[in-house]
Amino acid sequence: MKVYHNIHPSDSKGYDTSRLRKEYLCSNLFEKDSIKVVYSHIDRLVAIGIMPDKKILKLDDFIDKKQFGTNYFLERRELGIVNLGGRVEVKYKGGSFILEYLDSLYLSKETESIEFLSLNESEENFLYCLSSPAHHKYDNKLIKQSDARVIKLGSQENANARIIYQYIHPDVVRTCQLCLGVTHLEAGSVWNTMPPHTHVRRMEIYLYFNIKPSQVVFHFMGEPSETRHLIMRDKEAVFSPSWSIHSGCGTQNYSFVWGMVGENQTYDDMDFVDMNEMK
């Protein structure tokens with residue numbers, strides 16, 4: 001398990017590209033028949049990449065129990081899952097769900113004995129998960145793409161026409177603090193989240209996908225007066241502290257999974273930054 005520490009914005013100002021990538025970028029999240037776990041001290045968010053192939057993967061086998069101090073992973077946590085690959089079954093004590101491509105699953109606090117298995121060996125399987133601390137037990141729920149709350153934003157004129165699917169959202173499923181969804185940029189659009197914003201009440205993490213091998217996304221971060229960028233490739237994730245902007249521009253259209261935790265679950269609670277203030 002890789003651990004990321006919280007960083008003061010004044011420290012980030014002096015980082016070169018290598019240090020920025022080391023402190024904020026999550027690469028190599030997916031490995032066949034393995035579960036990769038990344039722990040961030042920013043709001044104690046955990047990002048997980050799961051790639052079941054020939055084996056049944058048991059989540060607790062890949063968890064550092066000393067890091068969490070609990071008997072099993074979701075004893076005091078909740079978990080959101082998005083399927084970015086082939087058909088997969090998620091089992092747990094007392095039930096199971098089958099996830100198709102771009103389905104999502106919410107697993108509540110006190111869900112035990114979680115396992116993942118591939119249902120189609122001819123396809124590559126990619127399950128991307130986010131977990132945050134939780135202090136109340138809600139119902140586990142499968143959210144099909146057709147069940148998500150859909151929002152269309154942007155325009156072709158501004159190269160930011162996009163469709164947002166809110167999966168784990170108060171209007172769809174009850175959670176303690178976790179919110180999660182997927183944004184797809186339409187053909188010909190490359191910008192997301194412009195004008196940029198921060199939300200000091202919440203932090204966010206992006207996982208970019210649907211990026212072709214010959215393409216990249218420039219992820220912009222930092223304080224509005226001290227912006228930086230990271231080059232992102234397919235299925236790489238980046239942490240965004242509450243003080244940082246978070247927007248991207250691709251060399252072609254792309255998609256990303258966004259996840260948020262913090263003080264509230266109000267998706268539109270953003271502090272927009274005037275473009276004239278950006279540096």
Side-chain angles (χ1 to χ4, degrees), residues 1-4 25-40 44-132 134 139-145 167-168 178 180 182 205-211 213 233-238 255-257 259:
M1 182 173 70
K2 187 173 182 179
V3 177
Y4 289 72
L25 182 66
C26 302
S27 298
N28 304 314
L29 265 177
F30 297 97
E31 180 182 314
K32 279 191 176 182
D33 279 331
S34 184
I35 297 178
K36 296 292 190 71
V37 181
V38 175
Y39 183 99
S40 173
R44 299 192 179 276
L45 185 71
V46 176
I48 304 172
I50 305 170
M51 201 173 178
D53 186 36
K54 307 293 185 183
K55 301 177 182 178
I56 297 175
L57 300 179
K58 298 180 180 181
L59 180 57
D60 283 330
D61 288 348
F62 295 84
I63 297 299
D64 181 356
K65 291 184 179 179
K66 184 178 180 181
Q67 184 73 41
F68 299 98
T70 55
N71 295 310
Y72 57 95
F73 184 58
L74 291 190
E75 185 175 344
R76 294 177 57 83
R77 285 183 160 268
E78 57 188 356
L79 183 72
I81 304 171
V82 178
N83 185 7
L84 303 179
R87 196 164 179 255
V88 171
E89 184 174 6
V90 180
K91 294 183 176 182
Y92 59 92
K93 186 178 181 179
S96 69
F97 291 99
I98 293 176
L99 278 68
E100 309 283 351
Y101 179 63
L102 290 180
D103 285 348
S104 180
L105 177 62
Y106 172 74
L107 294 180
S108 177
K109 173 180 176 285
E110 300 177 14
T111 301
E112 299 182 53
S113 305
I114 303 170
E115 299 179 350
F116 308 91
L117 62 151
S118 170
L119 297 179
N120 189 342
E121 293 184 1
S122 65
E123 298 179 287
E124 285 194 314
N125 303 296
F126 301 96
L127 294 173
Y128 174 61
C129 314
L130 292 178
S131 174
S132 59
D139 294 331
N140 295 338
K141 185 175 180 179
L142 174 68
I143 306 106
K144 308 288 289 183
Q145 187 180 31
Y167 288 94
I168 298 178
L178 183 64
L180 181 148
V182 174
I205 180 172
Y206 280 14
L207 178 120
Y208 291 96
F209 69 104
N210 285 341
I211 302 176
R233 293 179 171 82
D234 193 52
K235 295 183 180 65
E236 290 186 326
V238 56
S255 304
F256 61 96
V257 182

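Values below: every heavy atom of this structure, side chains too, minus hydrogens, waters and symmetry copies. All of these numbers come straight from a predicted model, not from anything done at the bench.
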Q: At what distance, to the nearest 0.5 angstrom, does CG of Asp139 lie from OG1 of Thr111?
A: 10.0 Å

Q: Atom CD of Glu236 and atom CD1 of Ile211: how far apart are they, to the nearest 0.5 Å?
A: 8.0 Å

Q: Would you name the heavy atoms of Tyr39 and Gln67 that are closest together and state the gap between them?
A: CE2-NE2, 3.8 Å

Q: Which heavy-atom pair separates Tyr72 from Glu110 by the least distance, and what is that distance?
A: OH-CA, 3.4 Å

Q: Using 0.5 Å steps for rounding, measure from the CD1 atom of Ile63 to the CE atom of Met1.
A: 7.0 Å

Q: Mind checking whether Leu105 and Leu127 have side chains closer than 4.5 Å, heavy atoms only?
A: no

Q: Does the side chain of Phe116 come within less than 4.5 Å of Asn125's, by heavy atoms?
A: no

Q: State, with a plain yes or no, whether a side-chain heavy atom of Ile50 is found less than 4.5 Å away from one of Val88.
A: no

Q: Can a donor-acceptor pair be found between the side chains of Ser131 and Arg77 at a distance below 3.5 Å?
A: yes

Q: Pick from Asn210, Leu207, Val257, Leu84: which one makes a side chain to side chain contact (heavy atoms under 4.5 Å, CB included) with Val182?
A: Val257

Q: Could you pull out the closest heavy-atom pair between Glu123 and Asn120, with the gap in Å?
A: OE1-ND2, 3.0 Å

Q: Establish, from distance only, whether the side-chain atoms of Arg233 and Tyr208 form a donor-acceptor pair under 3.5 Å.
A: no

Q: Quick check: does any side chain N or O of Lys36 sit under 3.5 Å from a backbone N or O of Glu31, one acting as donor and the other as acceptor?
A: no

Q: To the nearest 0.5 Å, what is the distance between CG (Leu57) and CG (Leu117)?
A: 8.5 Å

Q: Test: salt bridge (charged side-chain N to carboxylate O under 4.0 Å, His left out). Region: residues 50-71. Which pairs qualify, not counting sequence neighbours?
A: Lys54-Glu121

Q: For residues 96-104, please give each side-chain donor-acceptor pair under 3.5 Å, one per line with the distance, not counting sequence neighbours.
A:
from: Ser96; atom 1: OG; to: Glu89; atom 2: OE2; distance (Å): 3.3
from: Glu100; atom 1: OE2; to: Arg87; atom 2: NE; distance (Å): 2.8
from: Asp103; atom 1: OD2; to: Glu100; atom 2: N; distance (Å): 2.8
from: Asp103; atom 1: OD2; to: Lys144; atom 2: NZ; distance (Å): 2.8
from: Ser104; atom 1: OG; to: Ile81; atom 2: O; distance (Å): 2.8

Q: Under a 4.5 Å cut-off applied to non-hydrogen side-chain atoms, are Phe73 and Leu79 in contact?
A: yes

Q: Work out which heavy atom in Leu178 is nearest to a heavy atom in Ser132; give both atom names and the distance.
A: CB-OG, 3.8 Å

Q: Distance check, rounded to the nearest 0.5 Å: Met51 atom CE versus Lys235 atom NZ?
A: 8.0 Å

Q: Go through Ile48 and Phe62 one step at a time and tell me if the side-chain contact (heavy atoms from CB on, under 4.5 Å) criterion holds.
A: CA-CA 10 Å; Ile48 304 172; Phe62 295 84; over 6 Å; no

Q: Working to the nearest 0.5 angstrom, can you tell me the gap between Phe209 CZ and Phe30 CZ?
A: 10.0 Å

Q: Yes or no on side-chain contact (heavy atoms from CB on, under 4.5 Å) for Tyr167 and Gln145, after CA distance, side-chain angles and deciding distance?
A: CA-CA 8 Å; Tyr167 288 94; Gln145 187 180 31; 3.4 Å; yes

